[in-house]
Number of protein chains: 2
Amino acid sequence: MLRAAVTLADEVGIDALSMRSLAQRIGVVPMALYKHVANKEELLDGMVDVIVGDIDLPTPGADWKAAVRERVLAARASLLRHPWAARVIESRTSASPVVLDHMEALVAAFRAGGFSVDLTHHAMHALGTRMWGFTQEVFPTPAQPADADARAAMLGRFAARYPSIVEMASTTGGCDDQFEFEFAIDLLLDGFERLHQQGWTSAERS
Amino acid sequence: MLRAAVTLADEVGIDALSMRSLAQRIGVVPMALYKHVANKEELLDGMVDVIVGDIDLPTPGADWKAAVRERVLAARASLLRHPWAARVIESRTSASPVVLDHMEALVAAFRAGGFSVDLTHHAMHALGTRMWGFTQEVFPTPAQPADADARAAMLGRFAARYPSIVEMASTTGGCDDQFEFEFAIDLLLDGFERLHQQGWTSAERS
DNA sequence: ACCTGAACACCGTTCAAGT
DNA sequence: ACCTGAACACCGTTCAAGT
């Protein structure tokens, strides 16, 4: 049933996944779903487990940096197969065993690399949702008028008000999401490494 | 009307904010709202504008690092007043002028600091939702049984399976969210600064 | 022309009636 | 005891009827 829910969400989107539509897909009466899950939240929990469970386990034995990097990129690979998954993961209120397994592996990697408990804790927070392999896309496109002339006029006004954004958008073409993700994760990992080598302790709170 | 929507969401939560409940609060018939907004999405857009518009503008003239830091922390201060706002911001599909103003100011700060267009672009991506002052909380607590004995037994099994998480959770008491946020933003800003000083160019893609 | 009540096409979930 | 259809309490939005 969870697998069916995942593939249905892949096909029709998470908004169109309802208890009723899922039941119809499986060929059962809606109420029959409540034999397997207590409510829709539990269904979503189970769907997250399916995706997180699909994360390919990285090769063990690597140093902490490679281990964390590989695991996070593996999570990303799994997440990318299901565009709706990021939003669902964020909306979860409690962690399932599968979710905790992933986090335990990351925490353990830092600790095995000699990180203090404190620095590990801060590193995990700094990773944030990136530990699941996604970043919220925050370059939304403003609404575009259909008329070509109107669009050109709008672009002019836009460039006048937001010169730096336009410069950036026109210089860099489309974004390479994978590159941006790796750029950010490597920046963070390098930062963690530097703090670790400097013997960072929480006493250094500014 | 937008202000009323914001305060209603503050009071009853974003899930309980419906076109119908908002209309009732204002004392109008539900359909009357559609004189002001085309649909609920437009209402949410407007609510985001109210919150982003409340961001206290930082003192101009500071260097790029202080300017970005101040602006991001100012965004955080505004966001913290409305716990539901983070989720709504993430769900927006198009940027309003107020949203673009905030982004323009950040991009302009990097450029004024001498950052290349490319590095600015990557830095904005690396900031991600942190430019709005929030991080997705990703330390969800597992479901806890009410019975005390059952809870103790569960904790034992938990510690056996997730030793590193338990070590981390028990060493660091509750999380200081503000500290974690500043830790991460400073790590990123330091990373940006280092790359900038090294004359980073996108040719260095690994 | 403007406003608005009823209606439509959905939800998740409860519950009582049927087997 | 188990299953399930109808019903309940909601949604956002359409639309036609009333002013």
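Chain letters run A, B, ... following the sequence lines, proteins first, then strands; residues in each count from 1. Keep in mind that this is a model prediction, so the values were computed, not measured.
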Peer 1: Flag the pair E180(B) / H121(A) as yes when at least one side-chain heavy-atom distance between them is below 4.5 Å, and no otherwise.
Peer 2: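 When only atoms from C-beta onward are counted, H121(A) and E180(B) do touch, with a gap below 4.5 Å.
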Peer 1: What pairs of nitrogen or oxygen atoms, one from the protein and one from nucleotides 6-11 of chain C, lie under 3.5 Å apart?
Peer 2:
| unit_1 | atom_1 | unit_2 | atom_2 | d |
| --- | --- | --- | --- | --- |
| dC11(C) | OP1 | S18(A) | OG | 3.3 |

Peer 1: Under a cut-off of 3.5 Å for both distances of each Watson-Crick or G-U pair, what dot-bracket string does DNA chain D give, using [ ] for crossing pairs and | for inter-strand pairs?
Peer 2: ||.|||||...|||||.||
Peer 1: Flag the pair E90(A) and R87(B) as a salt bridge only when some basic side-chain nitrogen lies within less than 4.0 angstrom of an acidic carboxylate oxygen.
Peer 2: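 Between R87(B) and E90(A) there is no salt bridge, as every charged N stays at least 4.0 Å from the carboxylate O atoms.
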Peer 1: Are side-chain heavy atoms of E42(A) and H36(A) found at a separation under 4.5 Å?
Peer 2: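 The answer is no, as the side chains (C-beta and beyond) never meet within the 4.5 Å cut-off.
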Peer 1: Strictly by ring pair (Phe, Tyr, Trp, His ring centres under 6.0 Å), give each pair with a member in residues 51-71 of chain B just once, sequence neighbours left out.
Peer 2: W64(B)-F110(B), W64(B)-F115(B)
Peer 1: Do H122(A) and F192(A) have their ring centres less than 6.0 Å from each other?
Peer 2: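 No, they do not, as the ring centres are separated by 6.0 Å or more.
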Peer 1: Grab the CD-P distance between Q24(B) and dG5(C) for me, whole Å please.
Peer 2: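 That distance rounds to 14 Å.
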Peer 1: Nearest whole angstrom, please: distance from the P of dT13(D) to the CD of E42(B).
Peer 2: 10 Å
Peer 1: Quickly work out the H36(B) NE2 to dC2(C) C1' distance and round it to whole Å.
Peer 2: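 Whole-Å distance recorded here is 14 Å.
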Peer 1: Does R76(B) make a cation-pi contact with F134(B), if we ask for NZ or CZ under 6.0 Å from the ring centre and within 45° of the axis?
Peer 2: no
Peer 1: Using atom C1' in both nucleotides, what's the gap between dT14(C) and dG12(D) to the nearest angstrom?
Peer 2: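 Rounded to whole Å, the distance is 23 Å.
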Peer 1: Nearest whole angstrom, please: distance from the P of dA1(C) to the NZ of K35(B).
Peer 2: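 Nearest whole value for this atom pair: 12 Å.
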Peer 1: Nearest whole angstrom, please: distance from the P of dA16(C) to the OH of Y34(A).
Peer 2: 17 Å
Peer 1: Distance between the P atoms of dG18(D) and dC8(C), in whole angstroms?
Peer 2: 16 Å
Peer 1: Salt bridge check: are E104(A) and R111(A) linked by an N-O gap of less than 4.0 Å?
Peer 2: no
Peer 1: Nearest whole angstrom, please: distance from the C1' of dG12(D) to the CD of E41(B).
Peer 2: 11 Å
Peer 1: Nearest to the side chain of N39(A) - dG5(D), dT13(C), dC3(C)?
Peer 2: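 Nearest to the side-chain atoms of N39(A), counting from C-beta on, is dT13(C).
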Peer 1: Would you kindly give the CG-to-C1' distance between L33(A) and dT14(C), to the nearest whole Å?
Peer 2: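 Interatomic distance, CG of L33(A) to C1' of dT14(C): 15 Å.
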Peer 1: Less than 4.5 Å apart, any side-chain heavy atom of S21(A) and any of L8(A)?
Peer 2: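 They are in side-chain contact.
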Peer 1: Please report the closest heavy-atom contact between R130(B) and A184(B), naming both atoms and the distance.
Peer 2: NH1-CB, 3.2 Å
